[in-house]
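To start, the structure under review is shown below, and the notes come after it.
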Amino acid sequence: MNGRATDLVVVGAGPAGAAAAMQAAALGVRTVLLEDEAAAGGQVYRAPATTRDMARSPERRQGDALRAALAGSSVQVEHGQKVWSVSGQYRVDVLGPQGPGHWQAPALIVATGALERVVPFPGWTLPGVVGLAAATILLKAHGMAPGERTLVAGAGPLLAAVAVGIVKAGGKVAAVVDLATPGEWAACLPAMAGRPDLLARGAGWLARLRLAGVPILTGHALAAVAATPDGLRATVQPVDSLGRPIPGGAATSFEVDAVAVGHGLIPSTDVTRLLRVEHWFDPASVTWRPALDAGFRTTRAGVYVAGDGGGVLGVAAAGLQGRLAGLAVALDLGRLSQVQHDARAEKLRRKLARAARFGAAMARMMAPRPGQFAAIPADAIVCRCEDVTRAEIEEAAAEGACEVNQLKAWTRCGMGPCQGRVCGDTAAALLAQFHASDRETTGLFTGRTPLRPLPLDQLTGEYGYADITLPPPAPL
Amino acid sequence: MPQRVDFSFDGVPLTGWAGDNLAAALMQAGTRRLRDSPRAGQARGAFCLMGSCQECIVWVDGARREACRTTLHAGMAIRSGTIADVAV
Amino acid sequence: MTEAFDVAVVGAGVMGATTALHLARAGMRTALIDRGAICREASGVNAGTLTLHMTRAVLIPYAIRGRQLWLDAPDWLGMDAGARATPGLSVAFTPAERDMLEHRAAARRAEGAPIELVTPAQARAIEPGLNGDIIAAAHCALDGHVTAYLTGRAYRRALVAAGATLMEQHPVAGIDRAGGQFAIRVAGQPAVRARRLVLAGGVWLEAMLGWLGLHVPVKCLINQLVVTERMRPVMRSVLGIANGLLSLKQFENGTVLIGGGWQGIGDPARGGVEAIPDNLIGNVRLARAAIPALAEGRVARIWLGLESETADALPMIGPLPGIGDAYVIGCVHSGYTSGPFMGKLLADHILDREPELPLFDPARLVQPQRAATLEKTP
């Protein structure tokens with residue numbers, strides 16, 4: 001198996017990973033950037049899948065600039081590489097177009113971004129119901145809306161972005177359903193004031209939606225989606241500030257063929273959990289985050305996290321964090337003196353503080369509300385891979401399961417191919433609610449290899465029996 | 001220039017843009033139900049489109065692949081990712 | 001001070017849990033103590049293989065009885081932990097493996113395992129998913145598998161019903177002996193007092209025995225286990241290779257578990273730390289060589305299970321030398337298979353009932369020089 005040595009491996013070529021790689025490489029650190037997708041950019045700067053004409057946007061321009069900068073740098077970018085294991089100090093195993101291979105480097109920057117949280121509701125498993133982040137991918141990479149008539153629901157700034165994207169792509173938006181009230185958005189304004197550009201853009205989105213006649217229901221939640229002969233029926237209802245349905249509140253139904261729904265973003269901690277670095281539960285964003293120092297070092301020497309994987313703060317912060325992590329790697333590998341490092345880092349840290357203030361405000365807007373978990377019906381599926389319902393989770397809890405890994409063993413919740421990425425957060429929240437305990441007690445699914453399921457045909461390749469290196473036989 | 005190409009899902013002929021990922025191409029072609037879940041037997045389709053949720057697993061020319069992580073080429077024969085004959 | 005328990009069992013794996021269950025059912029006030037949750041180490045994460053093909057020859061009579069107990073679990077344990085009887089096959093791809101197969105089958109047959117040599121064609125009739133390239137095979141009618149991850153749930157229900165006191169998340173820091181009782185010190189909790197003590201800590205037994213001043217080296221194996229996502233039925237047996245480096249089975253839910261003792265990285269202090277990628281690839285290649293249709297599947301998860309082994313690779317089950325009312329159980333090869341029987345053996349001994357088969361005297365394993373110095377410590 002081919003294994004190649006370098007100074008630094010960066011996992012993920014989104015805004016954080018690309019910035020980190022370019023920063024380190026510019027300081028003489030031999031850098032390999034591994035990316036699963038065919039082009040760099042991550043989800044925000046997602047590249048178009050084909051050359052056909054698509055709507056222009058600031059993200060597209062910034063993404064193209066990022067890709068051009070990367071192409072002009074000394075970073076070795078490896079596309080189509082599914083990272084499936086990180087071991088040793090540090091061996092990064094990939095499955096790429098040429099089969100399995102690995103990289104070896106003393107430093108590793110994890111820039112795997114965020115996953116979308118969707119708190120379950122009846123019908124969330126129906127085809128045609130997609131995540132808000134999924135909708136942005138369809139819009140940016142494929143120039144298409146999720147359906148002809150889409151209901152956009154959930155929380156946070158992606159709601160307006162997706163709704164406007166659909167309108168621009170020629171689709172119809174049945175309604176935008178926002179958990180937050182205008183008052184809650186207004187309360188964010190001070191934190192958003194540092195980014196007048198984004199504030200203006202948000203205002204522009206709202207104006208565009210009003211112009212298109214899209215109803216915006218604030219203080220509402222998507223209660224259920226049901227399949228109809230013609231498509232989907234989405235039912236929404238008013239909720240209070242904790243996300244609890246308001247008794248007697250009038251439910252409204254929309255006939256649609258697609259639903260885009262999301263309840264915020266969660267740091268993707270697959271790699272950091274696998275490496276067993278310390279994580280902490282952040283009650284403000286209701287997410288687990290790896291513990292990081294000012295140089296984005298984890299509690300394990302040589303492992304750094306940049307971008308939303310360390311805590312969701314958005315794209316501007318991600319790029320700055322990437323540069324700071326790149327500088328920290330250069331310092332730690334002896335390519336920069338402390339003085340040189342500090343001179344460069346100081347300005348970046350000031351910018352980051354500003355970007356992070358905005359990002360943290362958005363993260364709070366996206367944080368799930370306790371009433372959302374409480375409202376999950378007993379027969380609703382929580383674990384999509386294994387079809388495990390809330391009732392089954394609570395049955396196990398009543399029998400003594402207090403922690404998510406025990407729950408997993410008893411119910412198969414989180415044991416399927418998504419490896420708990422979709423259900424883990426909800427399962428932990430439900431256990432904590434059931435036992436009146438906390439998220440520290442209910443814990444996190446243990447990180448496991450492979451980081452993504454590995455097709456056996458690709459992993460094993462073509463081989464003969466004699467090619468298998470056998471350890472000594474077991475004793476009789 | 002991008003090209004429209006022929007492919008199929010469970011034997012039904014479809015067309016799509018070469019270079020799109022299969023999940024988007026199937027959605028655009030109106031095919032949303034990509035598989036049934038193994039335990040409850042419920043219809044499932046693409047959900048996260050970023051290689052995380054594993055809902056869009058299909059058979060591509062006999063190999064088990066994530067539709068959202070596979071690029072469409074002319075002539076691809078795709079089958080539903082449903083796993084048959086397993087118990088709860 | 002609360003009343004002392006009749007017995008405290010430290011270590012809530014299948015050995016400790018079975019011993020505790022039988023003692024509780026016999027009327028003893030029983031505490032089962034574990035630093036984590038019940039059956040979440042080796043007993044909950046092993047491959048769940050019920051096979052005589054991989055059992056140490058001298059342990060075969062025990063394994064046969066243990067296997068039957070697993071299959072009868074709904075009757076005596078009260079819950080189906082997914083135990084299923086299937087045919088078991090061990091196969092050979094090379095002449096060297098064939099020789100090993102024949103030699104090992106004969107040795108195990110001598111200890112009572114109903115293992116017979118079959119032709120490749122007969123093996124393929126038993127297991128249609130088998131690769132046509134095998135050159136020899138052995139068949140055992142007394143094989144099968146258990147869904148190991150359900151073990152904790154099943155035992156927990158039974159223990160609660162039997163009135164045992166289950167102390168999960170109770171890390172034991174040490175054990176003192178005073179006034180004819182054991183005082184089991186638990187971090188952040190009052191000491192648990194008991195008249196009898198059973199140590200059942202698997203790979204942690206070396207440290208536990210050290211609390212009592214006994215030095216018994218325990219080797220720790222870090223077994224890598226691999227499971228596929230659900231797939232169509234591709235096999236129906238429990239399958240291995242003569243060299244013991246593969247164990248393969250498909251559960252009713254369609255997942256295929258691939259084991260065989262390929263090693264990962266870890267130790268008793270840190271547990272299983274990380275999987276070795278090359279060992280995954282080797283193990284999975286071996287699996288695909290045996291059942292070619294596995295190529296259709298995907299590896300969903302790899303994890304590590306810690307297996308304990310004494311200096312002579314045989315169990316320690318019985319009273320601890322020189323310490324009255326203290327017992328040990330553990331280090332049983334294929335211990336999951338025989339666990340329900342081994343725990344019953346020790347419980348019978350403690351209850352002054354005649355055990356059905358001999359115990360495994362731990363005294364033989366105690367290193368005398370270190371034990372002598374440590375016995376003086378209070």
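This one's a predicted model, so the numbers in the text were calculated from it and none came from an experiment. Per chain, numbering begins at 1; letters A, B, ... match sequence-line order.
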task: Return yes if some donor-acceptor pair links the side-chain N/O of A/R421 with the main-chain N/O of B/S52 below 3.5 Å, else return no.
output: yes

query: If you look only at pairs with a residue in residues 125-137 of chain A, which of them pass as a side chain to side chain donor-acceptor pair (under 3.5 Å), with sequence neighbours excluded?
result: A/T125-B/Q42

- prompt: Any idea which of A/I137, A/V130, A/D257, A/D387 has the most non-hydrogen atom pairs under 4.5 angstrom with chain B?
  reply: A/D387

query: Where on A/Q43 is there a heavy atom nearer than 4.5 Å to chain B: the side chain, the backbone, both, or neither?
result: side chain

field: Contacts of type ring pair (Phe, Tyr, Trp, His ring centres under 6.0 Å), residue B/F47, not counting sequence neighbours
entry: A/W124

task: Go through A/L126, A/D36, A/V422 and name the one with the most non-hydrogen pairs under 4.5 angstrom from chain B.
output: A/D36

- prompt: Which one, B/M50, B/R64, B/R33, leads in non-hydrogen pairs under 4.5 Å with chain A?
  reply: B/M50

- prompt: Are any of the side-chain heavy atoms of B/C48 and A/E116 separated by less than 4.5 Å?
  reply: no

message: Can you tell me how far apart SG (B/C68) and CG (A/L138) are? Round to the nearest 0.5 Å.
response: 10.0 Å

- prompt: Relative to chain A, which segment of B/A43 carries a heavy atom at a distance below 4.5 Å: side chain, backbone, both, or neither?
  reply: both

statement: One should read off an interatomic distance between B/R65 CZ and A/D457 CG, to the nearest 0.5 angstrom, of 4.5 Å

message: To check you understand the geometry: which heavy-atom pair defines the closest contact between A/P127 and B/G45, and what is its length?
response: CG-N, 3.9 Å

query: Would you find more than 12 non-hydrogen atoms of other residues, nucleotides or ligands less than 6.0 Å from A/R233 atom CZ?
result: no

- request: Considering only heavy atoms and a distance below 4.5 Å, find which of A/A141, A/P146, A/A145 pairs most often with chain B.
  value: A/P146

field: Where at least one partner belongs to residues 52-78 of chain B, residue pairs that pass ring pair (Phe, Tyr, Trp, His ring centres under 6.0 Å), sequence neighbours excluded
entry: none

message: To the nearest 0.5 Å, what is the distance between SG on A/C418 and CD1 on B/I57?
response: 11.0 Å

field: Over 12 foreign heavy atoms within 6.0 Å of CD, A/E148
entry: no

message: Give the interface residues of residues 13-25 of chain B toward chain A, defined by a heavy-atom separation under 4.5 Å.
response: B/W17, B/A18, B/G19, B/D20, B/N21, B/A24

query: Quick one: CG on A/L115 to SG on B/C53, what's the gap to the nearest 0.5 Å?
result: 10.5 Å

Salt-bridge contact A/E392-B/R39 (side-chain N to carboxylate O under 4.0 Å): yes

query: Using 4.0 Å as the upper bound for N to carboxylate O, is an ion pair formed by B/E66 and A/R452?
result: no

message: Could you measure the distance from the CD atom of A/E37 to the CZ atom of B/R69? Nearest 0.5 Å is fine.
response: 4.0 Å

- line: Okay, A/A227 and chain B: the region with an atom under 4.5 Å from a heavy atom over there is neither

A/L132 versus chain B, the contacting section by heavy-atom distance below 4.5 Å: neither

message: With a 4.5 angstrom heavy-atom cut-off, is it the side chain or the backbone of A/V388 that approaches chain B, or both, or neither?
response: both

- line: dist A/R384:CZ -> B/R44:CZ (nearest 0.5 Å) comes out at 5.5 Å

